[in-house]
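Notes for the one structure printed next.
We use all heavy atoms of the structure for the numbers below, so side chains are in, but hydrogens, waters and symmetry mates are not. Residue numbers start from 1 in every chain, and the chains themselves are labelled A, B, ... in the order their sequence lines are given, proteins ahead of strands.
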Amino acid sequence: MSKIQRPRGTQDMFGETAARFDHVVETFNRVRKLYGFGRVDVPIFESTAVFARSLGETTDVVSKEMYSFEDRGGDSLTLRPEFTAGIARAYIENGWQQHAPLKVAAWGPLFRYERPQKGRFRQFHQLDAEVIGAAEPAADVEVIALGQQVLNELGVAGDVTLQLNTLGDAETRAAWRAALVAHFSAHMDVLSAESRERLAKNPLRILDSKAEGDRALVADAPRIDAFMTSEAGAFFDSVQKGLQASGVAFVRAESLVRGFDYYRHTAFEFVTDALGAQGTVIGGGRYDGLIGSMGGPDTPAVGWAGGIERLAMLVAAPAVGHVIAVVPDAPEMTEAAAALLLALRRAGLAAEMAYRGNAKRQVEIARKRDTAAIVFVRADGSRHVQHLTGDDAERAALAAAIAGVVA
RNA sequence: GCGACCGUAGCUCAAUUGGUUAGAGCGCCGGUUUGUGGUACCGGAGGUUGCGGGUUCAAUCCCCGUCGGUCGCCCCA
């Protein structure tokens, strides 16, 4: 195909799609400020080492799923596949421990070389919130509560369930992992091919295998609770109590895990079944081991990321804007109409005027553009307001606002 | 990376078991009618049926490849 087209897994967003996306981002920005999360922006590309180090050099993720390239100077760069590694790099590089506990939020594009599916793209977008430099469970609670409030205010909380788990501390995790390996190794014969692979590379992942045959094995696999140190148990307890006190409902998800060793304690996902196989709309957890493993000081941290596209698919279509159309009745009234247009805008009212066409044509255009009201500029100097949308109260409010400008 | 289904006008879709100039609605452009405001009607432009190859007298339709989409698997930082 010689015709030019967008790269696989990318999107051109316009109209309702763009409005939904915008609504998600605006809601996030409003809510994160309520929680005292400042904006942070890090580069869209980083040295490949930033992500390779955070993920472990050997994983498939690094070798197959990152957009990496050499720049003209021969440096290996990578389009960011996640926010956390870049933010951690910035934290270390800029000495942000002076601001700890640092509460930051970001949103923007991320890139992963994957096969596109519903709610999964090669260039996708996420919201992100992190608390860096706080070891207290209150940080976990605050971060999760922020996520819950974003979902509430987007009106999608009813479709979404918070799944909560703990991975314990390093000691807990290591003991549990060893017990899982022993358990599954003893049943190699019934384990699916995929899970036998996982047993070597990432045994915790067997717990969320979709293979029917693995289910029974998973059901009587060792539980993490049996290996929990008293400190780790107390931490998880504290998180759960904090969530209850915050009115955040959750379900325990014992098979919710994270693949990398730097994850500790809290792991959580806000999940929906309304989006097929890609049901996680927000996923996060505590990653106390990451910054240390990247060469920084040992720094506890907790955060989450949420898929903007997925949230945008769940939200109700945003209401159309209250744009006022100004229509000159006759060509001679064009200048007067332009003056009114300017006055409306300076008064803070969204308004527009067609570039061409007679009055009738401009009315047709206005109607097609979901205009809230039309103001006709008549030759006798009067202004006639015609409402197109809204209930009586909205119409009255808009009429009053317009009257204030026209007068 | 693997599998299934799909690809016709700007958009949403038609086109009898393969059959002659590939149609409609919406949108767009023009016109008539109407005329203080969501009118109706007429006309027009617009398609190498994703692309390439094959089978056939004949392909939108069957076969292969390729690109893209959708859904699932894998992966999920």
Side-chain angles (χ1 to χ4, degrees), chain A residues 1-11 14-15 46 50-57 59-67 78-88 110-122 124 126 128 192-195 197-198 201-202 204-205 208-212 256-263 267 269 271 275-280 283-285 287 290 293-294 303-305 307 310 325 327-330 333 356-371 373-380 382-389:
Chain A
M1 146 97 57
S2 61
K3 211 196 293 182
I4 212 161
Q5 59 186 168
R6 85 178 87 90
R8 176 168 223 182
T10 61
Q11 312 172 78
F14 174 76
E46 298 266 4
V50 169
F51 305 113
R53 204 168 292 170
S54 79
L55 297 173
E57 313 270 353
T59 61
D60 282 6
V61 169
V62 172
S63 55
K64 293 181 184 164
E65 300 199 21
M66 296 199 317
Y67 273 96
T78 294
L79 265 31
R80 65 183 181 196
E82 58 160 329
F83 278 107
T84 308
I87 292 172
L110 303 172
F111 304 84
R112 297 180 187 177
Y113 192 88
E114 297 184 289
R115 188 79 179 265
Q117 276 176 238
K118 186 186 189 73
R120 173 192 268 195
F121 303 90
R122 289 185 171 180
F124 59 105
Q126 286 188 339
D128 188 84
S192 67
E194 290 84 8
S195 287
E197 186 88 3
R198 294 185 185 109
K201 291 201 292 198
N202 201 347
L204 300 198
R205 279 281 167 202
D208 51 25
S209 170
K210 288 172 185 167
E212 195 58 43
L256 174 61
V257 294
R258 296 274 109 100
F260 295 104
D261 287 341
Y262 54 76
Y263 283 104
E269 292 184 359
V271 178
L275 295 177
Q278 313 298 322
T280 300
Y287 51 96
L290 175 64
S293 77
M294 290 177 72
W304 56 253
R310 294 183 189 177
V327 176
D329 245 13
M333 302 312 297
R356 59 169 177 266
N358 59 21
K360 173 192 157 165
R361 179 68 185 134
Q362 292 197 22
V363 169
E364 286 173 8
I365 291 169
R367 291 185 179 284
K368 278 174 193 155
R369 295 176 67 82
D370 287 326
T371 305
I374 300 175
V375 182
F376 293 96
V377 177
R378 291 177 173 167
D380 63 4
S382 68
R383 308 285 181 262
H384 173 63
V385 180
Q386 182 195 20
H387 294 277
L388 300 179
T389 61

- prompt: Given atom CZ of F121(A) and atom C1' of G68(B), what is their separation to the nearest angstrom?
  reply: 14 Å

message: Measure CZ/R8(A) against C1'/U66(B) and give the value in whole Å, please.
response: 12 Å

query: Between C75(B), C67(B), C2(B), which one does the side chain of R198(A) approach most closely?
result: C75(B)

- prompt: Has the side chain of R120(A) got a donor or acceptor that lies under 3.5 Å from a partner of the other kind on the base of C75(B)?
  reply: yes

task: Could you check whether F260(A) and the base of A77(B) form a stacked pair, meaning centres closer than 5.5 Å and planes differing by less than 30°?
output: no

- prompt: Picking from G37(B), C67(B), C73(B), which would you name as closest to the side chain of Q5(A)?
  reply: C67(B)

Pairing nucleotide - G7(B), Watson-Crick or G-U, each distance under 3.5 Å: C67(B)

Among U70(B), G37(B), G72(B), the one nearest A277(A) by side-chain distance: G72(B)

- prompt: Is the shortest heavy-atom distance from the side chain of L204(A) to the side chain of R258(A) under 4.5 Å?
  reply: no

statement: Atom NZ of K201(A) and atom P of C75(B) are separated, to the nearest Å, by 8 Å

- line: When both distances are under 3.5 Å in a Watson-Crick or G-U wobble arrangement, the nucleotide paired with G72(B) is C2(B)

message: By the 4.0 Å heavy-atom rule, please label E114(A) as base, sugar-phosphate, or nothing.
response: base

task: Name the closest nucleotide to the K118(A) side chain, picking from G37(B), C71(B), C75(B).
output: C71(B)

query: E194(A) has an atom CD; how far is it from atom C1' of C75(B), in whole Å?
result: 11 Å

task: When you get a sec, tell me which of G72(B), C74(B), A77(B) is the closest nucleotide to the side chain of R115(A)?
output: G72(B)

query: Of G119(A) and T84(A), whose nearest nucleotide on RNA chain B comes first from the 5' end?
result: G119(A)

message: I want to check one thing: is the phosphate of U36(B), taken as OP1 and OP2, less than 4.0 Å away from some side-chain N or O of Q386(A)?
response: no

- request: Write down the distance separating the C1' atoms in C28(B) and C67(B), rounded off to the nearest Å.
  value: 29 Å

message: Using only modelled atom types and a 3.5 angstrom limit, is any donor from either the side chain of D329(A) or the base of G37(B) paired with an acceptor on the other?
response: yes

- prompt: What interatomic distance, in whole Å, is found between C1' of A9(B) and the corresponding atom of A14(B)?
  reply: 13 Å

message: Taking the minimum atom-to-atom distance to the side chain of E65(A), which one of C75(B), G37(B), C73(B) wins?
response: C75(B)

